[in-house]
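A short write-up of the structure that comes next.
Everything numeric in this text was worked out from a predicted model, so none of it was measured.
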Amino acid sequence: MKNAQLYKYSQEFFAVQNEEVHQICSDFEPNAIDTDYVYWLNFHNLQDRQALELLCQKLQLDKLSIESIFLPLRRSKVEEYPNYLFFQIHTLRNNSATAADTEKLSFVVGKSFLLSFQEQQGQHFSDVRERIEKSKGKIRSQKSDFLLFRLLDALIDEIFVKTEEVSDQIDLIDAGIHSNMKSHLLHEIETQKRELIELRKLIQPIKDLLAGLENMDHPLIDPANKHYFKNLRNSCTSLLEDVDAHKQILESLSNLYYAAQGQRMNEIMKVLTVVSSIFIPLTFIVGVYGMNFKYMPELEYPYGYYTVVLIMILIGVGLLSYFIKRGWLKRD
């Protein structure tokens, strides 16, 4: 795939151009924008800064907006300008191993056009491309604000998938605690806790941004489309609730792990205590007859050894029977 794509579409027509960044930027002329169409320019990296800055200047973007595209993102933000909206968010990288593996996305929404800037090659918006190319839903009959809704919806869906992966891992941890009690389970619990913390750090700013778009009084946001952003905000609320619920489950599993480990230790100590209780009287008897006194009547008894061994056996069996009868050897 090339590093940039230009989609031009209307209800009856669409065209897509895949080129390198500098080619798309040099070919795109704002004066040639036809308001009957929507233009979506998506860039997969920010390496060709000169070409991207030239495009932004042609679209009359503010210098601060242009500079923000290339600076590290400290927090998500949305900024209103007379002729465009500019905002940035963090989202998951494609095929990210952990929720901490994120990238910055920048968006510029103007009349009849939308720019999206990704830090690296990634297929965040495959579903949106399919909707445009196959005219699925109402995307081809709407303007750039509805395209923005679809792009944000695709990003939130990726977070949903990641949250479900965490949920699956929690199920595996739960099964492991109830079966083998391996030591790595505690490490896995802490790993999933960190995943949830990172997901919350992604979701909350997106929710705040969507609330801003929903309440924004700007000509680029059609009031009839604001309920779409409200639905996305509700999705973020559901995600946050799922994250909190998963976190509570992990806390419970962590407590269960320690409780099970404690119970296992108690079982071991109980067995050792029973064994010690049986051998204490036997050790006493052996100790008595191990004393080197000259006058011990039993030493002259022909069957003394066998008698003492028999007594020791009877004591051991008797104590063991007593413990079993009292249920002290029963495994919980």
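Taking a 6.0 Å sphere around CD of Q50, one finds it holds 12 or fewer heavy atoms contributed by other residues, nucleotides or ligands. Heavy-atom neighbours of E165 CD from other residues, nucleotides or ligands within 6.0 Å: above the threshold of 12. In this structure, Q47 places its CD atom where only 12 or fewer heavy-atom neighbours from other residues, nucleotides or ligands lie under 6.0 Å away. Shown here is Y81, whose OH atom has more than 12 heavy atoms of other residues, nucleotides or ligands within 6.0 Å. When the shell of 6.0 Å around CG of D217 is examined, it contains 12 or fewer heavy atoms from other residues, nucleotides or ligands.
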Quiz item: Could you walk me through whether R49 and E67 pass the salt bridge (charged side-chain N to carboxylate O under 4.0 Å, His left out) check?
Solution: CA-CA 10 Å; R49 179 166 180 167; E67 189 70 21; 3.2 Å; yes
Practice problem: Assess whether side-chain contact (heavy atoms from CB on, under 4.5 Å) is satisfied between H246 and E195, documenting all intermediate values. | Solution: CA-CA 11 Å; H246 291 336; E195 288 287 284; over 6 Å; no
Quiz item: Can L320 and I324 be said to form a side-chain contact (heavy atoms from CB on, under 4.5 Å), step by step?
Solution: CA-CA 6 Å; L320 185 60; I324 293 174; 4.2 Å; yes
Quiz prompt | Evaluation steps, side-chain contact (heavy atoms from CB on, under 4.5 Å), between I69 and S65 | solution = CA-CA 7 Å; I69 294 173; S65 298; 5.9 Å; no
Self-check item: Stepwise side chain to side chain donor-acceptor pair (under 3.5 Å) check, Y7 with Q17
Solution: CA-CA 7 Å; Y7 277 84; Q17 181 181 354; over 6 Å; no
Exercise. Would you please test I33 and K111 for side-chain contact (heavy atoms from CB on, under 4.5 Å) and show each step?
Key: CA-CA 9 Å; I33 290 179; K111 185 177 182 180; over 6 Å; no
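With contacts defined as side-chain heavy-atom distances shorter than 4.5 Å, the pair V78/M216 qualifies. Contact check for V16 versus L6: no side-chain heavy atoms found under the 4.5 Å cut-off. Looking only at side-chain heavy atoms (C-beta outward), D36 and S10 stay at 4.5 Å or farther from each other. Between V309 and I313, the closest side-chain pair of non-hydrogen atoms falls below 4.5 Å. Residues M312 and V286 have side chains in contact (heavy-atom distance under 4.5 Å, counting atoms from C-beta outward). Between Y84 and V109, the closest side-chain pair of non-hydrogen atoms is not below 4.5 Å. Between E133 and E130 there is no side-chain heavy-atom pair separated by less than 4.5 Å. The shortest distance between side-chain heavy atoms of L199 and I159 falls below 4.5 Å.
Contact record, C236 with K207: CB-CB, 3.7 Å, taken as the closest heavy-atom pair. Of all heavy-atom pairs spanning Y9 and I139, the tightest one is CE1-O, 3.5 Å. The two atoms that bring K58 and C25 nearest to each other are NZ-O, 2.8 Å, heavy atoms only. In terms of heavy atoms, S144 sits closest to V38 at N-CG2, 4.1 Å. Contact detail for L202 and P205: the closest heavy-atom pair is O-CD, 3.4 Å. Across all non-hydrogen atoms, the minimal contact from F107 to L114 is CD2-CD2, 4.2 Å.
Linking ILVMFWY side-chain heavy atoms closer than 4.5 Å, directly or via other members, places L152 and L240 in a single hydrophobic cluster. Linking ILVMFWY side-chain heavy atoms closer than 4.5 Å, directly or via other members, places L55 and I24 in a single hydrophobic cluster. Side-chain heavy atoms closer than 4.5 Å link hydrophobic residues (I, L, V, M, F, W, Y) into clusters, and following such links, even through other members, never connects F113 to V128. There is a path of hydrophobic side-chain contacts, each under 4.5 Å, that joins F279 to V308. Hydrophobic clustering, with ILVMFWY side chains joined whenever heavy atoms are under 4.5 angstrom apart, groups F70 together with L41.
Counting only distance, with no hydrogens or angles, the side chain of D174 and the backbone of I170 share no donor-acceptor pair below 3.5 Å. Without hydrogens or angle criteria, K201 side chain to H90 main chain gives no donor-acceptor distance under 3.5 Å. When atom types are taken as modelled, the side chain of R140 and the backbone of I132 share a donor-acceptor pair closer than 3.5 angstrom. Looking only at distances, no side-chain donor or acceptor of S254 sits under 3.5 Å from a matching main-chain atom of L250. Remark: the backbone N or O of D222 is paired with a side-chain donor or acceptor of D145 at under 3.5 angstrom.
Between the side chains of Q142 and N225, at least one donor-acceptor pair of N or O atoms lies under 3.5 Å. Side chains of E214 and H227: no donor on one and acceptor on the other come within 3.5 Å. E188 and Q192 share a donor-acceptor pair across their side chains, judged by distance under 3.5 Å alone. Counting only N and O atoms by type, the side chains of H124 and E158 include a donor and acceptor under 3.5 Å apart. At a cut-off of 3.5 Å, with distance as the only test, a side-chain donor of Q88 or S106 sits close to an acceptor on the other residue.
Remark: E79 engages K77 in a salt bridge, criterion side-chain N to carboxylate O under 4.0 Å. One finds no salt bridge joining E241 and K247 here, because no Lys/Arg side-chain nitrogen approaches an Asp/Glu carboxylate oxygen to under 4.0 Å. The residues K193 and E251 are annotated as salt-bridged, a charged nitrogen and a carboxylate oxygen being separated by less than 4.0 angstrom. The pair D244-R200 counts as a salt bridge, with a side-chain nitrogen and a carboxylate oxygen less than 4.0 angstrom apart.
Between Y39 and F28, the ring planes are perpendicular. Angles over 60° get that label, and only those under 30° would be called parallel.
Going from atom CG of L196 over to atom OG1 of T191 covers 11.0 Å, rounded to the nearest 0.5 Å. Atoms CZ and CG, on F86 and L64 in that order, are 9.5 Å from each other to the nearest 0.5 Å. Rounded to the nearest 0.5 Å, atoms CD1 (I203) and OG1 (T163) are 5.0 Å apart. If you take CG on L151 and CG on L147, they are separated by 4.5 Å, rounding to the nearest 0.5 Å. In this structure, CG in D153 is found 7.5 Å from CZ in R131, a value given to the nearest 0.5 Å. Between the CG atom in L59 and the CG atom in L115 there is a gap of 5.5 Å [rounded to 0.5 Å].
A cation-pi contact links K8 to Y37, judged by a cut-off of 6.0 Å to the six-membered ring centre and 45° from its axis.
Residues that satisfy the side chain to side chain donor-acceptor pair (under 3.5 Å) test with S116, not counting sequence neighbours, are W40, N42. Listed by chain and number, the residues in a ring-ring contact (aromatic ring centres under 6.0 Å, His included) with F43 are F117 (sequence neighbours excluded).
Between Y228 and F146, the gap from one ring centroid to the other is short of 6.0 Å.
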